[in-house]
Structure formats: C-alpha cells, structure tokens
2 protein chains.
Amino acid sequence: MVSAVRVKLSDVARDAGVSAATVSRAIAQPELLSPETLARVRASAQRLGYLPDGAARALASGRSMTIGAIVPTLDSAIFARALQAMQATLAQSGYLLLVASHEASPAAETQAVRALLGRGVDGLMLVGAERAPDTTALLKASGLPVVLTWCGDGHFTAVTIDNALAGRLAAQHLIKLGHRRIGMIAGHLQFNDRQRARLAGARAALEEAGLSLPDSLVVEQALTLAGGRAGCAMLLDLDAPPTALIGGIDLFAIGCLEEAHARGIVVPEGLSVVGIDGLDMSAHVSPGLTTVHVPTGRIGNLAAQTLMAMVANRPVAKETVLPVELVVRRSSQPLNRT
Amino acid sequence: MVSAVRVKLSDVARDAGVSAATVSRAIAQPELLSPETLARVRASAQRLGYLPDGAARALASGRSMTIGAIVPTLDSAIFARALQAMQATLAQSGYLLLVASHEASPAAETQAVRALLGRGVDGLMLVGAERAPDTTALLKASGLPVVLTWCGDGHFTAVTIDNALAGRLAAQHLIKLGHRRIGMIAGHLQFNDRQRARLAGARAALEEAGLSLPDSLVVEQALTLAGGRAGCAMLLDLDAPPTALIGGIDLFAIGCLEEAHARGIVVPEGLSVVGIDGLDMSAHVSPGLTTVHVPTGRIGNLAAQTLMAMVANRPVAKETVLPVELVVRRSSQPLNRT
DNA sequence: TCTTCTGATGAAAGCGCTTTCAGCAAACGT
DNA sequence: ACGTTTGCTGAAAGCGCTTTCATCAGAAGA
C-alpha cells in the first residue's frame, strides 16, 4: 500500500501562498474571496489533487453531509427503489447515503440508529412509525432531523401514503366486481404497521359493504414471492376458498398468479387477484396485475428533500401523504362472468 | 430543535473519575483496563447516554468504520441483493455502508469515488473493471482497499464470476437442445463489461459449435423488463427469427416470456428462453426460467469480508471467482419437439 | 484631510477523539 | 534487598478542518 501522503488543506494554502482559512473559504464560501485569490487557490488544489477530509470537516463544522437511511432490507424492489431515489436526490446536493437494514427486528433497528447517530449523520430516514421505545427516545434526544416513510406517527416529520386507503381501494374494487369471499395475504403484522394498515383498510371496506374479512381468510407470510404462493395455496385449500385475493404487496399477488397457474386455475376467470405497490413487474406478468399503485420513488425523493430542508432549517410539512391509485389490469374481473 | 447538549468523552471521564484516555480505551481496547475501572466507565457512559462522535474518532484514528459501495443503481434486484448482503456482513463487525450509484455514467462514478474518498471510507466496493482513467488514478493514489465485483481487471482485488462462462453455458445449453439460430438481448455494452463478457461467451460457444451469433441477432437494451420485451419483439420480428433467446440478465429473459406470451407464442414449444442471473423471480414465472445462476448474495458477503480483511491488513485472495451454474427449468426445450 | 465603512485575508482557537509517552505501583527475579 | 518487568492510568499532542475575531488596505463620506 503505497499510500501517497494525503494532500491537506495546509499544503494547498502554502502552495497558493494564502492562509488555511482562505483555502477553507474557497471550498465552502467562495463568494467571500476575491476572484483572483479564488482562482489561485483552486488552481493549487487542482494541481495537488486536494481532497478535503470529510471527518475533519464534519468535526469542525458539525455537519457530515451524510444522510442515514434504515430500512427493513435493501433486498426488496420497494426499498431499493426508494433508496435509489433518495440517493440520487441527495447526491445532487452533495449528500451521501449511509444505509442500514434491520430485517424486521426492532432491536436491530435500535442498533442501527445508534450506529448512524454515532456516525454523525445530518438526518435520518426510517420506515414506518412503529419501533422500540428506546429507538424513539434516542431519536428525540439526538434532536436530529428525522423523516418517517410509508407510515407516520404524528410526531416525527413523515412522507407517507395512506396504507389503509390502499387496502380499502383494493377491497372496494373487488367488492364492486361482485366478490363476496375475499382473502388477503399480508406480511407478518408484527413490527410492520404498513401491512397492518393495509389489512385494516381492506377489512373496513368489506365491513362497510356488509361483508367481512374473517381471520380465517387472512394469512401472514414472509414478504417474498414464495410467501405469496404459499399464502395463496393456504387460502385456496380452504373448504370455501375465496373468489378473490388481495396481496399486501405486489409480490404476494404475483405469487398468487403463479400458484393459481400451477393449479390450473385461470386468473381472472377462476380467481381475481389484486396487489398493492405497483411494481414495474406487475404490469408485465400475465395476466397484468391489478394493483394499487404507490409512488415509491417519490417517497424517496421527498424524504431526501425534506431531510435536506430540515438540515438547512427550512420549514417542512409535518406529514406529506402521497396519493395511491388503483390501476386495473387483467387479473381481476367480475365474479361469475365465467 | 431542543438538541440536548451532546455528552462527550470528557463528560464521561469526569463522571467516572478517570482521564479521557481511559474512557477512550474503555471503548476501543477494553482489555487494557482493569475490570473495576472498565465497569465504572461503562456505567457512567451508560448512565449519561454517551455516544462516541464518529467524525472525531475518524479524524483521530484515521479509520471511519465505513465502507463505500458504488453500483450502477440500487434499483436492481441484483445490486440490491449484493448490497444487502454486504451491509449485513459489515454490520456484524460494526461497519456501515455508504452507497452511491452512477447510473452507467463513468463521470458520475468518478464523482462518487471522489465523494466517498473524501468521506474517508476505509474501503471501496465497485462493480466491474471498466471505468474512467481518472477514477482508477484516484483509486490508486488513495491507496485505499478496493474490491471490484462481478468483473476483475487483474490489478485490483476482486470478487467475480466468470461472465463469459455464464454466456457460454447459456448458449451451450441451447445448442445441445438443437437450436441453431440463437438470439441474444444484452444490456448496453458501453461501460458494462459484464454484459460484454456474457455476450462474448455466448458467441464463442456458438462459434465453437460451428455456428455464429451475428450482430443482427443481438440487440442492446436498457436493463429493464420492458427492455427485455422490446428486445424480444425486435428479434421475433426478424425475417428469420431465432428459435431460442438468451437474456443477458434474467429480467430480459422474463421480458421475453411476456412478449412471447403476448404474441401467442408458447414457451418453450415455440421459443426457448434462457436467462443469466438466477433471480428468485425466475423460479416462479411460468414457464420456470432456465437460467445461469449467479451467487449474487455471496458476491456481496465476500466483497465485504475481503474489504474488512484488507482494512485489517490481513492477506486476501487477489481474485475470487465464484461459480455459476446452469439451472434448467421449463423455458427451454429441444428444437422441433413441437 | 480625517474618520468610517467595506471587503478580503490571516491568526488562532477549537471540534471530540486517539495515541504515544511517561509515570507509578505492585509483582517478579535473583 | 535491589533492579526489572508488568499492568494500569494520565498528560498532552495532535488528527485536518471551520470559524470567530482581528487586521489592514482602499473606498467612501464629511
């Protein structure tokens, strides 16, 4: 490792014949310098290949130009897209994204928050509103800008969607099509307020229509395609199987499509399926998946923007609720249209 | 923002009645302290809610406990999985992941490298071996541990797969099934050595079998499902369309499945399709996708481990080539079996 | 001509931690 | 009994930068 001695601020200062303060200003507040000085400093910095030391800057200025994000997992189309959007938005302003995942463990989330807080992030993005009290206490004590996503808690700033409405829209669509026995595959409800809300929304819609979503028609599964298939299998194996299924996430719904196909059940003739998320994939599977579209990318963009605004002490909306929208495709049709 | 004054090392030291050095040791090298002192310091730290300042630690110690990763995009099942694996592996050792993406732009990659270098990462993961000379120069000059993934360049340490072999396996499989006109949908080849190698491998296999893969049977597409569909459409619209298709990534192959389905072409009877990647999804689409499986998660794990080993000055293999493996499913079958 | 600004720059004091280097007591060796 | 080693702890010097605060020309005002 022939690590060349790092060029530091003082080297540039010496080279340019100015003080360290001037070089510092050339980087952070160029408008304070005379054009000539600025040009000279920049030339020196360029020639020496100067790269400011982030740790030192962070220590001296109290800002790290880094935003933290803690998600259940990166290995999910949803969170991956949201993080990509965040990262892209942040990068435009010179911020970097520090990520951690907790795999649906509140304790791991606390750990992650502690780690990111220690790393001096300027702001923190979290998913959902439900978490260990420790975590919340840590967050509040830090006084750090925090943005919750997907679900808010009324306390922290949030960029959300109405998950209950999403569940409701899915259910209402099926009800309107004449379905009466509707089943739902949800993610494990513990430590997942998004899924709980979607389920509650669907249930409320059914009850408002004089129907119901009994626990026997709800299965909890791991948030994977295989989970969706397994859930679908369980519901179809019921004595009186549902005529329509709601997937708490699109992946579940796609799993249902596969399972139905494997069983020789034609969708939508033999079974209607509706998802929630609006994955790209959902438009391409066959039959095309009817789903409640969620603006995942925008959640990421907005979370990033909100966080940066908070860092800059600009006012931000306490909670931004992004719209969800039913997208009807081929996977759902009126009951008994044979 | 009622940001409570941050508890600092000196506060803990005072509270515990020891020097700052002792508190510092309690955190980083507890074995140097007497059990009693250690316990006392820990109790104080705990009670005061002390959280070490990462920037200060990084500045003083020269280590940030942060690893950087730069990928084309986070919004891809492949990179998302690799990053999730990296993150999980790193977290176990107290490291955090700083991510950036470049969207297939060499200039953006240079930018990202600069940003991460400045942020004082202890190591850097990059995808592929091809990049702007600036970037390479920057990397070398920094002397930082760097691990390339998917493709190596013989210079930097790398955790790779044999992309050419992957392409070759896909092609050989189809050749063995009797296919003679084989088409391929590849990602844009510029700034994507993985795709170039896969294409080259497929082409080599065909030539070895006395066949060929003319440019007319190769289409370049954006790395999305829609790209796969579009590519498939182009190839099927040829006067003499291929009887089998290789997708440079599974997503392409899945797109082919959709496009074929939309055209009323039955896979595999009317068209054989093979992918490369081994997405979870590929096992679940119908027909199940024949694909060359790539151990994506292991690439991430190994990259993380390698990077940590390099940071610790432990010896590491210059290049680890992970195995790829053909997984035959239903989407491919002998030619003309009707 | 003599203040009073204004704009550009420098000196120097940290930011919160790590890490030599020393010091000191207790344990050891002979 | 007297050097030596060993184990634990403290003092203090930075790490590389930012940011007051002070300075000092030159421009502007009286």
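This one's a predicted model, so the numbers in the text were calculated from it and none came from an experiment. In what follows, chains carry the letters A, B, and so on, assigned in the order in which the sequence lines appear, proteins first and then strands, with residues in each chain numbered from 1.
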Given Q87(B) and S101(A), is the side-chain hydrogen bond (donor to acceptor under 3.5 Å, both in side chains) satisfied, shown in steps? CA-CA 8 Å; Q87(B) 194 275 332; S101(A) 66; 2.7 Å; yes
For L9(B), which contact category applies under a 4.0 Å heavy-atom criterion: base, sugar-phosphate, or nothing? base
Let me know the distance between CZ of R63(B) and P of dG16(C), rounded to the nearest Å. 23 Å
Out of dG16(C), dC17(D), dT19(C), which has the shortest distance to the side chain of K8(B)? dG16(C)
Over all strands shown, is S34(B) touching base, sugar-phosphate only, or nothing at heavy-atom distances under 4.0 angstrom? sugar-phosphate
Any chance the side chains of Q84(B) and E103(A) put a donor and an acceptor closer than 3.5 Å? yes
Side-chain contact check for Q29(B): nearest option of dA11(D), dG10(C), dT19(C) is dT19(C)
Run the side-chain hydrogen bond (donor to acceptor under 3.5 Å, both in side chains) test on T135(A) and T110(A) for me, step by step, so that the C-alpha distance in whole Å, both residues' side-chain angles and the decisive distance to 0.1 Å come before the verdict. CA-CA 5 Å; T135(A) 314; T110(A) 308; 2.7 Å; yes
For the side chain of T22(A), counting heavy atoms from C-beta on, which of dG10(D), dT9(C), dA12(C) is nearest? dT9(C)
More 5' along DNA chain D: E36(B) or A56(B), using each one's nearest nucleotide? E36(B)
Do T160(A) and E319(A) have side-chain atoms, one donor and one acceptor, less than 3.5 Å apart? yes
Using a 4.0 Å heavy-atom cut-off across all strands, classify V23(B) as base, sugar-phosphate, or nothing. nothing
Looking at the side chain of A21(A), which of dC15(C), dT18(C), dA11(C) is the nearest nucleotide? dA11(C)
Mapping R25(B) and A58(A) to their closest nucleotides on DNA chain D, which lands nearer the 5' end? R25(B)
